[in-house]
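Below: the structure, in structure tokens.
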Amino acid sequence: MDIREYLESKRRIVDDALKKYFINRNLFFEVMHYSLERGKRIRPILAIASYEANGGKDIKEILPIACGLELIHTYSLIHDDLPAMDNDDYRRGRESAHKKFGEAIAILSGDGLFAYAFELLTEGDNLIEEKYRVVREVAKTVGPNGIVYGQFLDIQEYSRPNPKILRQIHYNKTAQFIALSIKVGAIIARADEKIIDTLTRAGIYLGILFQYTDDILDIVGKKEELGKTPQKDLKNKKITAPLVYGMDSARFRAQRYAQLARGIFTQLGARFEVFNQLTDFILNRTY
């Protein structure tokens, strides 16, 4: 399997589903959809991959939930870009929401995406118990015990680079949500609890790897490739892996987290091989 072809095929499926939820509604839905466009869809793809690897047969079961994850991710990007946060004018290859529409509408579009996500997470009358569990898991991960706390830590001012703080930022802001994306796919596929727990553990390593590569690309990447303003050009500087450990050590640590993730995915068997390929893609990505 060519992992880039796999990612592109799943991305198109997610994009088509998102259009169904946003096109031909009202003007505000168009505003929200602006920020959704051009995304890589890593989190919904991880959910779909997990669902299918765990024996899920009907992609329509997981697709609304996968889209809901993308809505939450995009809401977090909109708020992350605001002048009060990272003050970033550029996202996904074009103007960020607050530059395009103004701060007030950008804030509202983020709020709208976050609320609408839970409507998608609970769409349909089937799998009620599984969806209740998904909603609970999502709420725990994206709130004050997860993404929001990670963002809180990320905007603090620190007197010196701090490995402990960096780990907390990576774990809360990114790793938990990556792991969650894999976990919800397994939940909807009605996977065994031991497999769900194992996938979640591997997902944490994969999520930390993702943030390491993001931190590295924020230093060495170009704006045109990243689709956002590199860290070196941001108005507000943040604590990153290269800042704490140096570039060579950050790259070594990224490779180590990739090895840890691959080790667990390999133990789960051949049907989870897609996650090893996704791990390699994330480790070696250039955008």
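Residue numbers run from 1 in the order of the sequence given. Quick caveat, the model's predicted, so the values are computed rather than measured.
In this structure, Val244 and Asn162 approach most closely via the heavy-atom pair CG2-N, 4.0 Å. In terms of heavy-atom proximity, Phe28 sits nearest to Leu108 at CZ-O, 3.3 Å. Taking all atoms of both residues into account, the shortest heavy-atom contact from Ala17 to Cys67 is CB-SG, 3.6 Å. Here the shortest heavy-atom pairing between Gly185 and Ser50 reads C-OG, 3.8 Å. Contact record, Ala241 with His170: CB-CE1, 4.2 Å, taken as the closest heavy-atom pair. The minimum heavy-atom distance between Arg92 and Ser35, with the atom names listed, is NH1-O, 2.8 Å.
Between Ile105 and Val31, some side-chain heavy-atom pair lies under the 4.5 Å cut-off. A 4.5 Å side-chain heavy-atom check between Ile195 and Asn54 finds at least one atom pair inside the cut-off. Ile147 is listed as a side-chain neighbour of Phe177, based on a closest heavy-atom distance under 4.5 Å. Between Leu82 and Asp88 the shortest side-chain heavy-atom distance does not fall below 4.5 Å. Proximity of Ile216 to Thr240: side-chain heavy atoms (C-beta onward) are nowhere separated by under 4.5 Å. By the 4.5 Å heavy-atom criterion applied to side chains, Ser109 and Phe101 are not counted as neighbours. With contacts defined as side-chain heavy-atom distances shorter than 4.5 Å, the pair Phe22/Glu30 does not qualify. Put simply, the side chain of Ile65 does not reach to within 4.5 Å of the side chain of Leu120, judged on heavy atoms.
In the displayed structure, Asp192 atom CG is contacted under 6.0 Å by more than 12 heavy atoms of other residues, nucleotides or ligands. By the 6.0 Å contact criterion, CZ on Phe252 is open, its count of non-hydrogen atoms from other residues, nucleotides or ligands being 12 or less.
Looking only at distances, no side-chain donor or acceptor of Ser249 sits under 3.5 Å from a matching main-chain atom of Gly246. Lys131 places a side-chain N or O within 3.5 Å of a backbone atom of Asn126 that can act as its donor or acceptor partner. Using a distance-only test at 3.5 Å, with no hydrogens or angles considered, no donor-acceptor pair links the side chain of Glu119 to the main chain of Ala115. Looking at Arg160, its side chain never comes within 3.5 Å of a backbone N or O of Tyr158 through a donor-acceptor pair. Without hydrogens or angle criteria, Thr266 side chain to Gly263 main chain gives no donor-acceptor distance under 3.5 Å.
One finds a salt bridge joining Arg11 and Glu8 here, because a Lys/Arg side-chain nitrogen approaches an Asp/Glu carboxylate oxygen to under 4.0 Å. Using a 4.0 Å cut-off between charged side-chain N and carboxylate O, Arg41 and Glu70 make a salt bridge.
Screening Thr279, Asn276, Asp280 for a side-chain hydrogen bond (donor to acceptor under 3.5 Å, both in side chains) with Arg262, the sole residue that qualifies is Asp280. Screening Thr141, Val138, Leu180 against Ile72 for a side-chain contact (heavy atoms from CB on, under 4.5 Å) leaves a single residue, Val138.
Glu61 and Tyr51 share a donor-acceptor pair across their side chains, judged by distance under 3.5 Å alone. In the model, Gln255 has no side-chain atom that pairs as donor or acceptor with a side-chain atom of Tyr212 under 3.5 Å. For the 3.5 Å distance criterion, the side chains of Asn172 and Gln176 qualify, holding a donor opposite an acceptor. Gln151 and Lys173 share a side-chain donor-acceptor pair at under 3.5 Å.
In the hydrophobic clustering of this structure, Leu268 groups with Tyr257; members are Ile, Leu, Val, Met, Phe, Trp, Tyr whose side-chain heavy atoms approach within less than 4.5 Å, directly or through other members. Ile45 and Val134 end up in different hydrophobic clusters when Ile, Leu, Val, Met, Phe, Trp and Tyr side chains are linked at under 4.5 Å. Cluster membership check: Tyr171 shares its hydrophobic cluster with Leu199, using side-chain heavy-atom separations under 4.5 Å among Ile, Leu, Val, Met, Phe, Trp and Tyr. Cluster annotation: Ile78 is connected to Val148 through the hydrophobic network of ILVMFWY side chains, with a link wherever side-chain heavy atoms come within less than 4.5 Å. Hydrophobic clustering of Ile, Leu, Val, Met, Phe, Trp and Tyr side chains at less than 4.5 Å, counting indirect connections, unites Val135 with Tyr75.
In this structure, Arg285 is positioned above the aromatic face of Phe210, its NZ or CZ under 6.0 Å from the six-membered ring centre and within 45° of the axis.
Atom CG of Leu278 and atom CD1 of Ile182 lie 8.0 Å apart (nearest 0.5 Å). Taken to the nearest 0.5 Å, the CG atom of Leu77 stands 12.0 Å off from the CE atom of Met85. Note: Ile42 CD1 to Leu7 CG = 5.5 Å, rounded to the nearest 0.5 Å. In this structure, the separation between CZ on Arg136 and CG on Leu121 is 15.0 Å, given to the nearest 0.5 Å. Atom CD1 of Ile128 is separated from atom OG1 of Thr122 by 8.5 Å, given to the nearest 0.5 angstrom. Separation of atoms CZ (Arg43) and CD1 (Ile178) is listed at 4.0 Å; rounding is to 0.5 Å.
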Begin with the C-alpha distance, continue with both residues' side-chain angles, and end with the deciding distance and a verdict on side-chain contact (heavy atoms from CB on, under 4.5 Å) for Arg38 and Arg94.
CA-CA 9 Å; Arg38 304 186 180 192; Arg94 57 183 177 178; 3.8 Å; yes

The test is side-chain contact (heavy atoms from CB on, under 4.5 Å); show your working for Leu209 and Leu260 and say whether it passes.
CA-CA 10 Å; Leu209 164 64; Leu260 290 169; over 6 Å; no

Output, in order, the C-alpha distance, side-chain angles, deciding distance and verdict of side-chain contact (heavy atoms from CB on, under 4.5 Å) for Leu18 and Ile23.
CA-CA 8 Å; Leu18 287 170; Ile23 301 303; over 6 Å; no

Tell me, with the steps shown, if Glu123 and Tyr21 meet side-chain contact (heavy atoms from CB on, under 4.5 Å).
CA-CA 11 Å; Glu123 183 178 273; Tyr21 291 119; 3.0 Å; yes

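Between Tyr149 and Phe152, the two ring planes are parallel [angle under 30°; tilted spans 30° to 60°].
Centroid-to-centroid, the aromatic rings of Phe29 and His33 stay 6.0 Å apart or farther.
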